[in-house]
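What you see is a predicted model; the values in this text were computed from it and never measured. Chain identifiers are assigned alphabetically (A, B, ...) following the order of the sequence lines, protein sequences preceding nucleic acid strands; residue numbering begins at 1 within each chain.
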Number of protein chains: 2
Amino acid sequence: MSDLATVAKRAGVSRATAARAFSQPELVRASTLARVMAAAAELSFRPNRLAQQLRTQATRIIGVLIPDLRNPVFTEQLQAMEIAARAQGYALMVTTTGYDASREAEIVEEMLCQRVDGLVLTVADAEHSELLVKLEQESVPYVLVYNQPDSESVCAVSVDNRQAMHQATQYLYSLGHRHIGMVAGPVAQSDRARLRYEGYCRAMEMCGLVRQPVIEMPHHTRARFELLAPWLEGPERLTALLCSNDLLALSVIGDLQRQGYRVPDDLSVIGFDGIELGELTYPSLCSVVQPRAAIGREAVEVLLARMRGEQPKIQRLPHQLREGESAGPLQRSDTDARRTVPVST
Amino acid sequence: MSDLATVAKRAGVSRATAARAFSQPELVRASTLARVMAAAAELSFRPNRLAQQLRTQATRIIGVLIPDLRNPVFTEQLQAMEIAARAQGYALMVTTTGYDASREAEIVEEMLCQRVDGLVLTVADAEHSELLVKLEQESVPYVLVYNQPDSESVCAVSVDNRQAMHQATQYLYSLGHRHIGMVAGPVAQSDRARLRYEGYCRAMEMCGLVRQPVIEMPHHTRARFELLAPWLEGPERLTALLCSNDLLALSVIGDLQRQGYRVPDDLSVIGFDGIELGELTYPSLCSVVQPRAAIGREAVEVLLARMRGEQPKIQRLPHQLREGESAGPLQRSDTDARRTVPVST
DNA sequence: TTGTAAGCGTTATCAA
DNA sequence: TTGATAACGCTTACAA
């Protein structure tokens with residue numbers, strides 16, 4: 001692959017002129033410009049971004065950390081970020097962390113070695129992250145996404161998770177439900193799940209209901225029915241479930257139906273995220289919709305602002321409760337909620 | 001951010017020695033090594049990969065082109081690729097193309113400017129891609145994934161799409177279905193959809209059945225019921241549908257159920273890809289499973305081999321028909337397949 | 001075991 | 001409008 005020097009030689013100009021032909025063509029005489037471009041084309045010259053980046057001390061690359069790309073809530077955000085970044089001449093360098101704090105630190109380190117201009121992070125737990133204080137110390141520009149740290153000083157883009165789940169809980173209350181539970185993945189690995197649980201708890205108390213301990217699944221996005229089953233029996237059994245994310249909710253619904261429960265007649269289920277898939281299934285998923293695309297766009301904007309030296313505040317974007325077929329009014333029934341088992345076991 | 005020269009000075013050694021301390025520590029006396037490391041730590045030195053990459057003419061970065069990250073079939077593959085690449089000391093640089101050939105070319109160009117060591121591509125249409133011939137000419141190492149080009153000489157990792165859909169069609173036949181149709185996204189944008197349709201056609205002919213024209217949706221992963229409806233009426237109505245991918249199949253099933261059809265009793269539906277989500281829903285999705293993770297791993301292996309100068313052949317990985325609740329035996333019925341509409345419209 | 005020095009492909013500062 | 005030249009931060013012969 002040829003370089004600028006070769007192009008310059010071929011065009012019969014100096015390296016400097018050849019370089020200018022690309023970066024500031026207006027400073028170059030038209031005929032010279034043409035010669036350089038012709039030479040470049042003949043040699044199929046391709047500017048070396050590594051050299052540019054090294055020289056200019058700027059990569060125009062944004063590093064992005066995502067817990068799990070298999071969850072649409074992240075890819076829907078990512079899609080928007082890519083468009084927004086590209087519009088400003090930035091490329092993304094994406095890596096998954098698997099909700100693992102040590103991996104987060106490792107990968108950030110690698111990205112800093114690659115000299116990314118800034119970072120967009122979704123970390124497992126923003127409150128207890130030494131990574132964030134390190135970045136602050138080294139004054140690396142970064143933005144948190146989906147995380148909702150307590151501290152006002154941290155730069156973050158999210159919805160109000162507490163308030164959102166509060167509202168979802170109240171919605172179930174308004175549908176007549178009195179026995180409402182919440183299902184989540186490994187809570188220790190997700191500050192969001194904790195905040196959402198807090199929102200649930202407050203709402204339950206405000207409604208004068210008994211809040212239940214969180215029903216914790218070993219996996220963030222996959223339910224295990226045997227952990228759920230105990231809550232579905234007896235006179236105090238749950239009639240509605242809040243899930244800490246949509247994938248988990250979909251999994252819960254699938255399991256319930258397979259066990260012979262009707263959703264929402266026997267059990268109402270609400271998710272969190274508002275992924276598109278939730279609108280395709282039947283029953284459609286009632287969910288707390290996070291504006292994933294807007295969050296992604298905003299994250300890029302905020303990061304670029306920080307990179308310019310501004311000090312943008314925390315961005316709290318509005319959520320929205322999307323009603324769906326998976327949540328309905330409480331059905332009175334004198335018998336056990338469980339019907340006879342159909343089809344498979 | 002400090003550089004090697006500063007570290008060297010601090011440690012009282014030359015730049016070369018400082019560099020060796022990192023790249024070939026065994027060549028450096030233990031005490032010197034310690035001094036260098038101490039100095040590096042004090043200065044919180046972070047090696048500049050750009051400089052390394054420029055100097056060594058190798059980035060250890062693999063460029064990856066993905067049609068749409070919101071489709072799990074791609075993220076499940078990507079997940080495996082990231083692990084495999086990382087194990088060999090490579091990072092991924094991922095970008096989405098939206099099934100757009102001009103974007104594919106643009107992005108590859110950018111990645112080559114960034115001097116990626118190789119490319120993993122899933123293109124819209126491998127047969128009619130001038131991009132590929134260009135890469136071949138410039139001898140850029142690349143591998144196709146999911147694409148299944150006719151030419152034996154192109155390096156690609158995929159299942160046998162024709163054969164796979166052939167088998168799925170036969171499976172429906174074996175369940176008693178005689179009126180089988182196929183739904184796909186924009187066929188012009190997907191060589192895979194075309195191959196799968198060919199497989200369907202051959203199977204239909206082999207079974208002595210009438211093959212139908214493809215039912216084409218405007219979006220790859222989202223059905224529109226009004227385009228489907230005409231096929232579900234009359235004495236010759238379809239009793240089974242093959243879909244060119246799982247997301248589309250899920251969307252079809254949701255629509256059907258919302259319109260009052262029972263799946264699989266009124267209509268059997270089979271997907272293609274075998275995404276995990278398909279196992280969570282109810283009914284679970286019958287699907288042609290592509291080994292996404294194995295495909296991802298293999299893609300990385302094959303690419304690395306090519307980069308070493310080897311000439312690996314086409315890799316054809318085995319698919320598998322996963323039975324699921326969405327496909328069942330043909331139900332005899334004298335009435336219209338359509339039941340009364342429940343719940344919502 | 002360590003040091004010297006050239007070079008990777010740009011950009012940017014000065015002069016001309 | 002163009003050219004010479006010095007960085008950018010690292011690796012790697014080759015020499016000591």
Side-chain angles (χ1 to χ4, degrees), chain A residues 1-40 43-61 89 91 109-117, chain B residues 1-40 43-61 89 91 109-117:
Chain A
M1 199 157 300
S2 57
D3 63 349
L4 255 188
T6 323
V7 172
K9 197 173 297 170
R10 176 97 167 210
V13 299
S14 72
R15 252 169 40 219
T17 304
R20 267 189 292 261
F22 289 94
S23 53
Q24 300 146 300
E26 65 281 6
L27 295 186
V28 174
R29 189 190 306 162
S31 59
T32 332
L33 183 61
R35 280 217 313 289
V36 174
M37 288 315 187
L43 296 165
S44 62
F45 166 69
R46 194 146 29 214
N48 188 325
R49 286 210 75 208
L50 292 173
Q52 294 178 328
Q53 291 163 339
L54 178 59
R55 177 59 231 235
T56 60
Q57 301 286 70
T59 52
R60 296 192 84 84
I61 293 178
E109 193 56 37
E110 281 177 32
M111 287 185 161
L112 292 178
C113 287
Q114 192 69 49
R115 296 302 191 264
V116 296
D117 289 341
Chain B
M1 201 158 298
S2 55
D3 63 350
L4 254 187
T6 324
V7 172
K9 197 173 298 171
R10 176 100 166 209
V13 298
S14 72
R15 253 168 42 216
T17 304
R20 270 188 290 260
F22 289 95
S23 55
Q24 298 147 302
E26 65 280 6
L27 294 186
V28 174
R29 188 191 305 163
S31 60
T32 333
L33 182 62
R35 280 217 315 288
V36 174
M37 289 316 189
L43 296 167
S44 62
F45 166 70
R46 194 148 27 216
N48 188 325
R49 286 210 76 206
L50 293 173
Q52 293 179 329
Q53 291 164 338
L54 177 60
R55 173 61 232 235
T56 59
Q57 301 288 73
T59 53
R60 296 192 84 86
I61 293 179
E109 193 56 38
E110 281 177 33
M111 287 184 162
L112 292 178
C113 287
Q114 192 69 50
R115 298 303 190 266
V116 296
D117 289 342

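Rounded to a whole Å, the CG atom of B:L27 is 15 Å from the C1' atom of D:dC14. C:dG9 atom C1' lies 9 Å from atom CG of A:L50, rounded to whole Å. For the pair A:Q114 CD and D:dG9 P, the interatomic distance rounds to 15 Å; values are reported in whole Å. To the nearest angstrom, C1' of D:dT1 lies 12 Å from CD of A:E26. Distance CG (B:L54) to P (D:dG9): 12 Å, rounded to an integer number of Å.
With contacts defined as side-chain heavy-atom distances shorter than 4.5 Å, the pair A:V28/A:V36 does not qualify.
OP1 or OP2 of C:dT2 lies within a sub-4.0 Å distance of a side-chain N or O belonging to B:T32. Taking side-chain N and O atoms only, A:Q53 has no distance below 4.0 Å to OP1 or OP2 of D:dG9. Checking the phosphate oxygens (OP1, OP2) of C:dT2, no side-chain nitrogen or oxygen of B:S14 falls inside 4.0 Å.
A donor-acceptor pair under 3.5 Å is absent between the side-chain atoms of B:R55 and the main chain of B:Q52, judged by distance alone. A donor-acceptor distance shorter than 3.5 angstrom exists from the side chain of A:R60 to the backbone of A:G89, with no hydrogens or angles considered. Side chain of A:T6 to main chain of A:S2: no donor-acceptor pair is present (N/O by atom type, distance under 3.5 Å, no hydrogens or angles). Without hydrogens or angle criteria, B:T59 side chain to B:Q53 main chain gives no donor-acceptor distance under 3.5 Å.
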Protein N or O to nucleotides 10-12 of chain D N or O, pairs below 3.5 Å:
unit_1 : atom_1 : unit_2 : atom_2 : d
D:dC10 : OP1    : B:N48  : N      : 3.2
D:dC10 : OP2    : B:L4   : N      : 2.5
D:dC10 : N4     : B:R15  : NH2    : 2.7
D:dT11 : OP1    : B:Q52  : NE2    : 3.1
D:dT11 : O2     : B:R55  : NH1    : 2.2

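One finds no salt bridge joining A:R49 and B:E110 here, because no Lys/Arg side-chain nitrogen approaches an Asp/Glu carboxylate oxygen to under 4.0 Å.
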